[in-house]
Amino acid sequence: MAAVFVAPLPFTALAANEQATAPLSNTRNDEPGFVWRSANLTTVYAKVQLTGAVTEWDTFALVGSNLRATDTIRVRAGATAAAVDGTSGLTVDQTFNAWTGVAPTGGALSFKLLGAVVASPFVRMDITSTGNPATYVQAQRIVIGKRVETDGVNVGAEITFDDSSIVETGPGYTSVDIYNVRIGWKVTLDFITDAKFFTNWFPFLRRVGTFQPFVFIPDTDSLYVQSQAVFARVTSSAKGSLPGTDANTVEINVLSTS
């Protein structure tokens, strides 16, 4: 059991099976209305290049997809664009099921936690989704980054359901503008050592602020991870406190982007 936070590193979309109106470059956009959609279900792939000053990463996630539990994702990473098209010289070559456990109520979140950090800037994803009833693969966001991880959220964590729909009532009528219900979490994480807090948590929280969405998985081993995990922003200033020697606490409220 672990609670995981992963902020996306910047990347450039290099090549993909894509529709002209829903290109791979949309997966760099944090807004849920922008999606990548494959043109068909034959050789569904996407290839990207990390472009920031830092290219170290240990987590891959695909947010808001229409993948099924039986679908698989293969992730390869290497030093060149050509390398990730093959099988040699790779730093990562992992194939995993899109998700397990109880089915998502919205788009699926697929993730792979690597056992070690890699610095390979080129990443390729191949998806097998034979017979997908939509006749294409769709996803909202690709997140490649270095995770911040702790043993789990404290007992007493709160989950909220934020409905921004506008309901107007008058004599004999009700008018509703419907929006998605967004999932929120209010969690506390404690007993974080000084080394982990100032090496991992401090730069992470300073980077994301309240503007940068990130993947938050409250419990990586839960059967209900597809309902619990969110791509979210911090909704109020996150707070770190030092209640004891070498035992820091982080309090954070997040709300999903969709």
Side-chain angles (χ1 to χ4, degrees), residues 1-11 27-34 52 54 56-64 104-107 109-111 113 139-165 179-220 222 224-243 247-258:
M1 173 181 174
V4 167
F5 298 74
V6 191
L9 293 171
F11 65 82
T27 60
R28 301 181 302 172
N29 196 302
D30 297 325
E31 301 308 316
F34 291 83
V54 177
E56 290 187 339
W57 60 280
D58 59 10
T59 304
F60 176 93
L62 188 66
V63 178
T105 54
L109 176 87
S110 305
F111 62 93
L113 310 180
Q140 174 197 338
R141 189 67 158 91
I142 292 175
V143 175
I144 302 170
K146 190 175 179 181
R147 65 184 177 270
V148 178
E149 187 173 359
T150 189
D151 288 340
V153 300
N154 285 13
V155 173
E158 298 178 10
I159 184 169
T160 60
F161 303 87
D162 185 81
D163 187 356
S164 299
S165 299
Y179 294 90
N180 287 341
V181 176
R182 295 188 293 166
I183 305 302
W185 281 93
K186 180 179 181 181
V187 301
T188 301
L189 313 160
D190 57 16
F191 297 108
I192 301 170
T193 65
D194 288 349
K196 289 184 177 180
F197 180 78
F198 288 103
T199 302
N200 301 323
W201 288 98
F202 189 95
F204 170 80
L205 294 172
R206 188 172 187 179
R207 175 188 170 194
V208 300
T210 57
F211 74 92
Q212 174 64 71
F214 53 88
V215 170
F216 169 49
I217 306 169
D219 180 1
T220 54
S222 173
Y224 311 104
V225 67
Q226 291 301 316
S227 296
Q228 296 174 351
V230 289
F231 186 58
R233 290 184 173 92
V234 175
T235 57
S236 60
S237 297
K239 182 176 69 174
S241 60
L242 287 75
N248 301 273
T249 297
V250 171
E251 298 175 33
I252 188 168
N253 300 348
V254 304
L255 182 65
S256 65
T257 61
S258 62

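Model, not experiment: these values are computed from the prediction.
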Problem - Donor-acceptor contact below 3.5 Å, side chain R147 vs main chain D58 - result: yes
Fill in the blank from the handout: Output for pair (F198 CZ, D194 CG), nearest 0.5 Å, gives 6.0 Å
Exercise for the section: Can you label the angle between the F204 ring and the F214 ring as parallel, tilted or perpendicular, going by 30° and 60°? Expected result: perpendicular
Completion exercise
Closest heavy-atom pair, A7 versus V143, reported as atoms and distance to 0.1 Å, is C-CG1, 4.3 Å
Handout entry: Derivation and outcome, side-chain contact (heavy atoms from CB on, under 4.5 Å), residues V225 and F111
Key = CA-CA 11 Å; V225 67; F111 62 93; 4.1 Å; yes
Exercise for the section: Work out which heavy atom in V153 is nearest to a heavy atom in P218; give both atom names and the distance. Expected result: CG1-O, 4.3 Å
Handout entry: N/O donor-acceptor pair under 3.5 Å between R233 side chain and F211 backbone
Key = yes
Problem - I183 and F161, any side-chain heavy atoms less than 4.5 Å apart - result: yes
Practice task
Check for a donor-acceptor pair, side chain of R141 on one end and backbone N or O of T27 on the other, with a separation under 3.5 Å.
Solution key: yes
Practice task
Walk me through it: do T249 and L189 pass the test side-chain contact (heavy atoms from CB on, under 4.5 Å)?
Solution key: CA-CA 6 Å; T249 297; L189 313 160; over 6 Å; no
Practice task
Taking the side chain as every heavy atom from C-beta outward, state whether D219 and Q228 have any pair of such atoms under 4.5 Å apart.
Solution key: yes
Handout entry: Shortest non-hydrogen contact between Q212 and P8, atoms and distance
Key = NE2-CG, 3.5 Å
Completion exercise
d(S164 OG, L255 CG) to nearest 0.5 Å is 7.5 Å
Problem - Over 12 non-hydrogen atoms of neighbours within 6.0 angstrom of CZ in R206 - result: no
Exercise for the section: Output yes when a side-chain donor or acceptor of N248 lies under 3.5 Å from a complementary backbone atom of I192, and no otherwise. Expected result: yes
Problem - Rounded distance (nearest 0.5 Å) linking atom OG1 of T210 with atom CG of L205 - result: 12.0 Å
Exercise for the section: Measure across E149 and A2 and return the closest heavy-atom pair with its distance rounded to 0.1 Å. Expected result: OE2-CB, 3.2 Å
Problem - Interatomic spacing from CG in N253 to OG1 in T188 - rounded to 0.5 Å - result: 8.5 Å
Problem - Trace of the side-chain contact (heavy atoms from CB on, under 4.5 Å) decision for F34 with Q140 - result: CA-CA 6 Å; F34 291 83; Q140 174 197 338; over 6 Å; no
Practice task
Would you check, one step at a time, whether the test side-chain contact (heavy atoms from CB on, under 4.5 Å) holds for L9 with W57?
Solution key: CA-CA 8 Å; L9 293 171; W57 60 280; 4.2 Å; yes
Problem - Note, V215 side chain near V63 side chain (heavy atom, < 4.5 Å) - result: yes
Exercise for the section: Please lay out, stage by stage, how D190 and N154 fare under the test side-chain hydrogen bond (donor to acceptor under 3.5 Å, both in side chains). Expected result: CA-CA 7 Å; D190 57 16; N154 285 13; 2.8 Å; yes
Practice task
Inspect the surroundings of CG in D162 and state if more than 12 heavy atoms from other residues, nucleotides or ligands are less than 6.0 Å away.
Solution key: yes
Problem - Side-chain (Q226) to main-chain (L109) donor-acceptor, under 3.5 angstrom - result: yes
Practice task
State whether the side chain of S165 and the backbone N or O of Y179 hold a donor-acceptor pair below 3.5 Å, judged by distance alone.
Solution key: yes
Handout entry: The single option from F231, F216, W185 passing ring pair (Phe, Tyr, Trp, His ring centres under 6.0 Å) against F5
Key = F216
